[in-house]
Number of protein chains: 2
Amino acid sequence: MREVFQQELAEVQERLVEIAGLVAVAIENATKAFNESNVSLAEVVIDEDAKIDEAAIALDELAINILARQQPVARDLRIVVSALRISASLERMGDMAEHIAQLARYRFPDKVVPKSLRPTFLELGRLDVQIANKLTDLLRTEDVTLAEEIRNDDDQIDALHLSVFDKVLSETWKGAAVDTVDSTLASRYHERFADHAVSIAKKVQYLGTGEWVASAVIE
Amino acid sequence: MREVFQQELAEVQERLVEIAGLVAVAIENATKAFNESNVSLAEVVIDEDAKIDEAAIALDELAINILARQQPVARDLRIVVSALRISASLERMGDMAEHIAQLARYRFPDKVVPKSLRPTFLELGRLDVQIANKLTDLLRTEDVTLAEEIRNDDDQIDALHLSVFDKVLSETWKGAAVDTVDSTLASRYHERFADHAVSIAKKVQYLGTGEWVASAVIE
């Protein structure tokens, strides 16, 4: 019974890694589509989001099935419950990538953000992709140094997110209202993407410490 | 054993109703603070958000404890797992109320939104408060007609949310960039608040149908 349970936990982990991999591809394509006004790539991201949703649903079914059949307790129980939470966060990360792609599609053939903010969004995109790749590795290897790195990357994203507001609200800002709206929303989507990654990273990091629930709810 | 379990489920439900009640107070105060530039009321909302977070954490601990001791299966298991998801959504609704209050505080003593959008935000606020109250009733009574009503209210919110963009992007928009940023973010927070309520309502509605997981992930 114990061995079967361990195999099932391994299956859960494998599927989380797979979904994180899909999310990493989504954010890579979304930020590329966004920064290069590539509408066909944006459409790929939008179409593929359904796959992330389906994979998250299938994983939830598996986790609930494991709860019902194996009736885990203590740390094992927390691992299965945390898998449910992690899949929900990954699904939201996929949504953020989709929202970024949708902005690219709405404004095509125009660029989404004005020239003065493009370096900032290139950097936001680069960091989100980096975070998604580190998150996939973290879920696969459980190497918690990656969790720390993700938090540091997120600090950079928060600073860039604030700098977008500084720019948009500065006296030198010449953007039209549409630029202001798009920059505001796009910056928020990039920031939320990273927030979800931090929340997952904390769950993985705290799984062994018993502090897990607090981190799961507050982040 | 069965009786104890039923009592514990009743306790879970009671706590969800309590948290939903806190969220309803939060959004009522937040939208009032937002529309009337009431900074002290905004600060109440910001301070009280910690109570919602703590209540959600305590509920999660209880739910995990029930899973460990009672080892429910089938529908009972889904009820407990759904309680975990519902508490996460309620916690996010509290965050949205807090974000709306923060906008009011940042801009004080100025109003957050320009005159032309105030009726729209009054209506968005009214609908969010109405949804929060219906949600509390839905969780208490399990009267699924309320779930339908919440969806209809949310359709109105979506239409108002789009109308904010229409106004901000129209040629007659005279707002400064700060008005554009605030209106965009505030509208998104109001809309996300309602989205979370719809997601909870669907979980309550589908709990008996077996379609529960799909609705839990996608919404």
Side-chain angles (χ1 to χ4, degrees), chain A residues 50 52-65 67-74 76-78 80-82 84-85 87-92 95 164-165 167-171 173-185 187-189 192 212-219, chain B residues 50 52-65 67-74 76-78 80-82 84-85 87-92 95 164-165 167-171 173-185 187-189 192 212-219:
Chain A
I52 295 174
D53 293 347
E54 281 159 24
I57 291 169
L59 175 58
D60 286 2
E61 282 295 355
L62 175 64
I64 291 174
N65 199 287
L67 286 176
R69 283 182 299 99
Q70 303 282 353
Q71 311 212 318
V73 294
D76 290 344
L77 172 59
R78 281 173 194 267
V80 179
V81 173
S82 76
L84 285 167
R85 288 201 186 282
S87 88
S89 292
L90 288 171
E91 192 270 326
R92 283 303 293 162
D95 287 346
V164 170
F165 289 118
K167 185 149 284 176
V168 164
L169 300 178
S170 74
E171 299 205 345
W173 174 250
K174 299 274 179 273
V178 63
D179 299 316
T180 311
V181 169
D182 287 354
S183 302
T184 302
L185 288 178
S187 187
R188 169 116 182 125
Y189 298 148
R192 287 296 301 154
W212 173 81
V213 171
S215 74
V217 173
I218 291 193
E219 290 309 314
Chain B
I52 295 173
D53 293 346
E54 282 159 24
I57 291 169
L59 175 58
D60 285 3
E61 283 294 355
L62 175 63
I64 291 173
N65 199 287
L67 286 177
R69 284 182 299 97
Q70 303 282 353
Q71 312 213 316
V73 294
D76 290 343
L77 171 59
R78 282 173 193 266
V80 179
V81 173
S82 75
L84 285 167
R85 289 202 186 281
S87 88
S89 292
L90 288 171
E91 192 271 324
R92 283 303 294 163
D95 287 346
V164 171
F165 290 118
K167 186 149 286 177
V168 164
L169 300 179
S170 73
E171 299 205 345
W173 176 249
K174 299 272 179 275
V178 63
D179 299 316
T180 310
V181 168
D182 287 354
S183 302
T184 301
L185 288 178
S187 187
R188 169 118 182 124
Y189 299 148
R192 288 296 301 155
W212 174 81
V213 172
S215 75
V217 174
I218 290 194
E219 289 308 316

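Quick note on labels: first sequence line is chain A, next is B, and so on, each numbered from 1. Heavy atoms only: backbone and side chains are in, while hydrogens, waters and symmetry mates are out. What you see is a predicted model; the values in this text were computed from it and never measured.
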(Q) What part of A:Leu77 gets within 4.5 angstrom of chain B, counting heavy atoms only: side chain, backbone, both, or neither? (A)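 The side chain, not the backbone.
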Sorted by chain and number, sequence neighbours left out, side-chain contact (heavy atoms from CB on, under 4.5 Å) with A:Ala50 holds for A:Glu54
Inter-residue atom distance B:Ile64.CD1 - A:Arg78.CZ, 0.5 Å rounding: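 Spacing of CD1 (B:Ile64) from CZ (A:Arg78) equals 4.5 Å.
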Open item on the list: Return the CH2 to OG1 distance between A:Trp173 and B:Thr180, rounded to the nearest 0.5 Å.
Closed with: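 Output value for this atom pair is 10.0 Å.
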### Non-hydrogen atoms of B:Pro72 and A:Gln71 that approach each other most closely
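In this case the closest contact between B:Pro72 and A:Gln71 is O-NE2, 4.0 Å.
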On a heavy-atom basis, the closest approach of A:Leu169 and B:Val178 is CD2-CA, 3.3 Å
* Top of A:Leu84, A:Asn65, A:Asp179 for chain B proximity - count of heavy-atom pairs under 4.5 angstrom ->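 Between A:Leu84, A:Asn65, A:Asp179, the count favours A:Leu84.
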